[in-house]
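By convention here, the first residue in the shown sequence is residue 1. Below, all heavy atoms of this structure are taken into account, side chains as well, without hydrogens, waters or symmetry copies. Please read all numbers here as calculations on a predicted model, not as lab measurements.
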Amino acid sequence: QVQLVESGGGSVQAGGSLRLSCAASDYTLSRNYLGWFRQAPGKEREGVASIYIARDYRFYADSVKGRFTISQDNAKNTMYLQMDSLKPEDTAVYYCAARTLRPDAGNWYGPLDPSSYSYWGQGTQVTVSS
């Protein structure tokens with residue numbers, strides 16, 4: 001069982017920056033994929049960025065490429081999402097998620113598909129005002 005705890009959300013004006021953190025209870029169990037997702041009111045949850053831990057491969061949604069950066073600190077069992085040049089449309093609840101199984105173990109829809117992930121944090125609100 002992997003427990004995930006997000007922190008770092010808040011309110012910022014457009015053009016500003018925030019850094020989200022996701023602490024994992026057992027980083028070794030999440031040795032496949034960790035990801036950031038977001039859900040705005042009335043919209044489906046969407047993938048923002050993900051990382052294949054073992055190889056440090058990173059994936060980004062087109063809407064955040066060049067503005068968001070996903071990273072990890074194995075020593076601290078923590079994943080980060082640095083968000084720069086924030087826009088009002090980035091406003092959402094942000095969740096971190098973990099997949100402990102390899103993609104060939106089933107239920108794999110890609111690194112940015114929420115259905116690929118089994119473990120979720122409680123979410124942190126990000127609000128960007130214009």
Side-chain angles (χ1 to χ4, degrees):
Q1 186 82 10
V2 177
Q3 293 183 330
L4 304 169
V5 179
E6 304 100 334
S7 61
S11 297
V12 65
Q13 289 192 326
S17 298
L18 284 173
R19 189 176 80 156
L20 305 182
S21 300
C22 175
S25 61
D26 190 333
Y27 219 59
T28 57
L29 288 180
S30 56
R31 188 49 65 174
N32 275 286
Y33 287 83
L34 288 174
W36 286 100
F37 298 81
R38 66 187 181 187
Q39 189 166 18
K43 295 188 176 181
E44 292 187 354
R45 191 168 299 187
E46 63 175 356
V48 175
S50 67
I51 187 167
Y52 178 37
I53 299 295
R55 299 290 181 91
D56 199 24
Y57 292 163
R58 307 179 189 193
F59 307 89
Y60 295 96
D62 288 343
S63 58
V64 305
K65 281 181 181 177
R67 300 189 298 121
F68 291 10
T69 303
I70 189 171
S71 63
Q72 57 168 325
D73 185 332
N74 287 334
K76 295 183 178 180
N77 289 359
T78 302
M79 172 181 66
Y80 302 98
L81 185 68
Q82 177 66 41
M83 305 186 293
D84 298 318
S85 302
L86 282 161
K87 304 175 181 180
E89 50 264 44
D90 294 319
T91 296
V93 177
Y94 283 70
Y95 300 89
C96 67
R99 177 182 172 94
T100 59
L101 300 176
R102 289 168 33 175
D104 59 5
N107 293 326
W108 178 248
Y109 305 96
L112 293 177
D113 192 312
S115 298
S116 299
Y117 293 77
S118 300
Y119 300 98
W120 292 86
Q122 81 288 352
T124 185
Q125 176 70 46
V126 172
T127 303
V128 184
S129 57
S130 58

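The backbone N or O of V2 sits nowhere less than 3.5 Å from a side-chain atom of S25 that would complete a donor-acceptor pair. Counting only distance, with no hydrogens or angles, the side chain of Y33 and the backbone of A97 share no donor-acceptor pair below 3.5 Å. A side-chain donor-acceptor contact under 3.5 Å links S50 to the backbone of P111. In this structure a side-chain-to-backbone donor-acceptor pair under 3.5 Å is present from S116 to G110.
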Check against side chain to side chain contact (heavy atoms under 4.5 Å, CB included), E6 and Y94: CA-CA 8 Å; E6 304 100 334; Y94 283 70; over 6 Å; no
Verdict with reasoning, Y60 to L112, per side chain to side chain contact (heavy atoms under 4.5 Å, CB included): CA-CA 8 Å; Y60 295 96; L112 293 177; 5.7 Å; no
Intermediate values then yes/no, side chain to side chain contact (heavy atoms under 4.5 Å, CB included), F68 and L86: CA-CA 9 Å; F68 291 10; L86 282 161; 3.8 Å; yes
Working for side chain to side chain donor-acceptor pair (under 3.5 Å), residues T100 and N32: CA-CA 5 Å; T100 59; N32 275 286; over 6 Å; no
Pair M79-L4, side chain to side chain contact (heavy atoms under 4.5 Å, CB included): steps then yes or no: CA-CA 10 Å; M79 172 181 66; L4 304 169; over 6 Å; no
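Pairs of residues two or more places apart, or lying in two chains, that qualify as disulfide (SG to SG under 2.5 Å) and include a residue from residues 49-130 are C22-C96.
More than 12 heavy atoms of other residues, nucleotides or ligands sit less than 6.0 Å from atom CD of E89. Shown here is R102, whose CZ atom has no more than 12 heavy atoms of other residues, nucleotides or ligands within 6.0 Å. Atom CD of Q122 sits in a crowded spot, with more than 12 heavy atoms from other residues, nucleotides or ligands closer than 6.0 Å.
Both I70 and V126 sit in one connected hydrophobic cluster of ILVMFWY residues. Membership requires side-chain heavy atoms under 4.5 Å apart, directly or through other members. A continuous path of hydrophobic side-chain contacts links F59 to W120 [ILVMFWY only; heavy atoms under 4.5 Å].
Rounding to the nearest 0.5 Å gives a distance of 9.0 Å between CG of L20 and CD of Q82. Atoms NZ and OG, on K87 and S130 in that order, are 13.5 Å from each other to the nearest 0.5 Å. The OG1 atom of T124 sits 9.0 Å away from atom CG of L18, with the distance rounded to the nearest 0.5 Å. Atom CZ in R19 sits 11.5 Å away from atom CE in M83 (nearest 0.5 Å).
With contacts defined as side-chain heavy-atom distances shorter than 4.5 Å, the pair Q72/I51 qualifies. Between N107 and Y117 there is no side-chain heavy-atom pair separated by less than 4.5 Å. Between R38 and V64 there is a side-chain heavy-atom pair separated by less than 4.5 Å. Residues D113 and W108 are not in side-chain contact: their nearest non-hydrogen atoms beyond the backbone lie 4.5 Å or more apart. Residues R67 and D90 form a side-chain contact, since some pair of their non-hydrogen atoms from C-beta on lies under 4.5 Å apart. Considering only heavy atoms from C-beta on, Q125 stays 4.5 Å or farther from S11 through its side chain.
Nearest approach of S85 to S17, heavy atoms of both residues: N-OG, 4.4 Å. Contact detail for G47 and A61: the closest heavy-atom pair is O-CB, 3.4 Å.
Checked for salt-bridge contact, K65 and D62 meet the test: a charged N lies under 4.0 Å from a carboxylate O.
S118 is linked by a side chain to side chain donor-acceptor pair (under 3.5 Å) to nothing, counting only residues two or more places apart in sequence or in another chain.
Judged by the 6.0 Å and 45° rule, R45 forms no cation-pi pair with F37.
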